[in-house]
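Chain naming here is simple, since letters A, B, ... match the order of the sequence lines and numbering starts at 1 in each. Only a predicted model underlies this, so the values are computations on that prediction, with no experimental measurement involved.
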2 protein chains.
Amino acid sequence: MRPLVHPAIEDVPLEAILHALGDPTRVAIYAGILASEKPQSCNAFAHLNEQPIPKSTLSEHFKVLREAGLIRSERSGVEMKNSSRCGELETRFPGLVTAILNAHKKQLEEQVRVEQAARRKSKRG
Amino acid sequence: MRPLVHPAIEDVPLEAILHALGDPTRVAIYAGILASEKPQSCNAFAHLNEQPIPKSTLSEHFKVLREAGLIRSERSGVEMKNSSRCGELETRFPGLVTAILNAHKKQLEEQVRVEQAARRKSKRG
DNA sequence: TCAGTTGTTCGAATCTCCCGAACTACAGGA
DNA sequence: TCCTGTAGTTCGGGAGATTCGAACAACTGA
């Protein structure tokens with residue numbers, strides 16, 4: 001097993017960040033890590049909106065987030081502690097992470113509204 | 001030739017925007033369109049930092065930007081007028097485009113500094 | 001009508017992404 | 001110490017996306 005790679009925050013290109021968060025699963029994971037106070041294990045995201053994510057895929061997603069400078073991962077016994085590097089990123093690209101997460105949150109709320117409307121419609125027949 | 005497709009801004013997923021701008025060529029094009037007052041033709045970006053971009057690739061990039069709701073394209077005679085939809089996007093995802101473009105600008109300035117330092121170094125031998 | 005310009009489409013090579021199978025690494029018993 | 005279970009990684013192949021040259025379409029002006 002190779003050691004975990006964490007780039008220096010100055011070496012992270014903007015494109016890597018946008019590419020990493022330009023995937024629905026990865027924004028969701030990143031938002032989840034940011035939302036919780038304690039570091040999260042990879043396995044905490046094994047299910048995302050009721051869909052299971054294969055372990056190998058999950059591992060790959062965390063690697064992308066890590067190498068884009070978005071998260072820091074530390075092995076701790078059998079599992080991994082993933083925490084966000086949003087503080088460092090904020091100094092490098094001010095406002096970027098916040099804007100993306102606000103957008104993500106807004107989109108989630110929209111989806112919930114749409115689904116509720118669909119349920120009401122199907123209930124009426 | 002198919003007609004140009006422009007999604008309604010409410011139908012554009014965040015992921016499409018991040019994916020579109022998560023490519024060095026495309027952010028550069030988008031930044032160029034935003035920076036200029038008048039709509040720009042595709043051909044205006046046929047060279048990007050002294051590198052030629054093949055026409056077919058360029059056409060593909062504009063298609064991605066267009067279908068991510070980032071730009072509006074109108075045929076005008078033999079060429080195309082591309083303008084940004086940043087106003088609409090601002091109402092949907094406030095602060096997003098601004099944050100990304102600020103980050104892009106900062107990164108550009110960094111690159112210029114690094115290149116200047118390299119030139120000074122090679123001049124000294 | 002013809003030449004020149006701008007951009008699109010097609011197809012093939014290449015690259016990337018996803019996921020199952022097999023693996024490593026560690027913890028807590030028995 | 002060995003065994004079992006859990007967390008995460010690596011590998012390889014198939015599916016899908018990207019890139020780009022060649023051929024094409026659409027328009028302008030001579």
Side-chain angles (χ1 to χ4, degrees), chain A residues 1-6 13 15-30 32-33 36 38-49 51-68 70-83, chain B residues 1-6 13 15-30 32-33 36 38-49 51-68 70-83:
Chain A
M1 259 190 211
R2 330 195 156 132
L4 299 172
V5 175
H6 292 95
E15 291 79 31
I17 297 172
L18 299 182
H19 171 251
L21 297 181
D23 175 284
T25 308
R26 285 195 294 258
V27 234
I29 291 173
Y30 186 61
I33 290 175
S36 74
K38 293 175 191 169
Q40 295 286 297
S41 71
C42 301
N43 207 37
F45 301 94
H47 292 260
L48 226 51
N49 39 297
Q51 298 284 323
I53 305 174
K55 283 178 10 155
S56 52
T57 307
L58 206 55
S59 179
E60 200 56 41
H61 282 326
F62 273 92
K63 190 181 167 196
V64 172
L65 289 171
R66 194 160 52 235
E67 297 185 354
L70 286 160
I71 62 170
R72 186 174 298 283
S73 310
E74 284 178 280
R75 283 192 231 282
S76 162
V78 76
E79 61 180 23
M80 201 123 112
K81 291 185 182 304
N82 297 287
S83 49
Chain B
M1 256 191 213
R2 339 200 147 123
L4 299 172
V5 175
H6 291 96
E15 291 77 33
I17 297 172
L18 299 183
H19 171 253
L21 297 180
D23 175 285
T25 308
R26 284 193 297 258
V27 232
I29 291 173
Y30 184 61
I33 290 174
S36 74
K38 293 175 191 169
Q40 296 287 296
S41 73
C42 300
N43 207 36
F45 301 93
H47 292 261
L48 226 50
N49 40 297
Q51 297 284 323
I53 305 175
K55 280 171 21 149
S56 50
T57 306
L58 206 55
S59 179
E60 198 58 40
H61 282 323
F62 274 92
K63 190 181 167 196
V64 172
L65 290 171
R66 193 161 52 236
E67 297 186 352
L70 286 160
I71 62 171
R72 185 174 300 281
S73 310
E74 285 178 280
R75 282 191 232 281
S76 162
V78 77
E79 60 181 23
M80 200 122 113
K81 292 186 181 302
N82 297 287
S83 50

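Nearer to the 5' terminus of DNA chain D, by closest-nucleotide assignment, is the contact made by A/K55 (compared with the other of B/H19 and A/K55). Comparing A/P54 and B/C42 by the nucleotide of DNA chain C that holds the closest heavy atom to each, the one mapping nearer the 5' end is B/C42. For A/L58 and A/V78, each mapped to the nucleotide of DNA chain D holding its nearest heavy atom, the one lying further toward the 5' end belongs to A/V78.
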Hey, can you pull the donor-acceptor pairs under 3.5 Å for the side chains in residues 18-29 of chain A, sequence neighbours left out?
from, atom 1, to, atom 2, distance (Å)
A/D23, OD1, A/T25, N, 2.9
A/D23, OD1, A/R26, N, 3.1
A/R26, NE, A/A20, O, 2.8
A/R26, NH1, A/H61, ND1, 3.2
A/R26, NH2, A/H19, O, 3.4

Could you tabulate the donor-acceptor pairs under 3.5 Å formed by side-chain atoms of residues 71-80 of chain B, not counting sequence neighbours?
from, atom 1, to, atom 2, distance (Å)
B/R72, NH2, B/E88, OE2, 3.2
B/S73, OG, B/R66, NH1, 3.3
B/S73, OG, B/N82, OD1, 2.7
B/R75, NH2, B/R2, O, 3.2

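Note that OH of A/Y30 is 8.5 Å distant from CD1 of A/I17, once rounded to the nearest 0.5 Å. The structure places NE2 of B/H47 at 10.0 Å from CG of B/L58, a figure rounded to the nearest 0.5 Å. Separation of atoms CD1 (B/I53) and CG (B/L48) is listed at 4.5 Å; rounding is to 0.5 Å. Taken from CD1 in A/I33 to SG in A/C42, the straight-line distance is 8.0 Å, to the nearest 0.5 Å.
For DNA chain C, the span of nucleotides reached by chain B at under 4.0 Å from its heavy atoms goes, 5' to 3', from C/dT5 to C/dC10. For DNA chain D, the contact window with chain B, defined by any atom under 4.0 Å from a protein heavy atom, covers D/dT18 to D/dC27 in 5' to 3' order.
Not counting sequence neighbours, the partners of B/S36 by the side-chain hydrogen bond (donor to acceptor under 3.5 Å, both in side chains) test are B/Q40.
Screening residues 52-64 of chain A for salt bridge (Lys or Arg N to Asp or Glu O under 4.0 Å), with sequence neighbours left out, gives no hits.
Looking at heavy-atom distances under 4.0 Å, A/M1 makes contact with a base.
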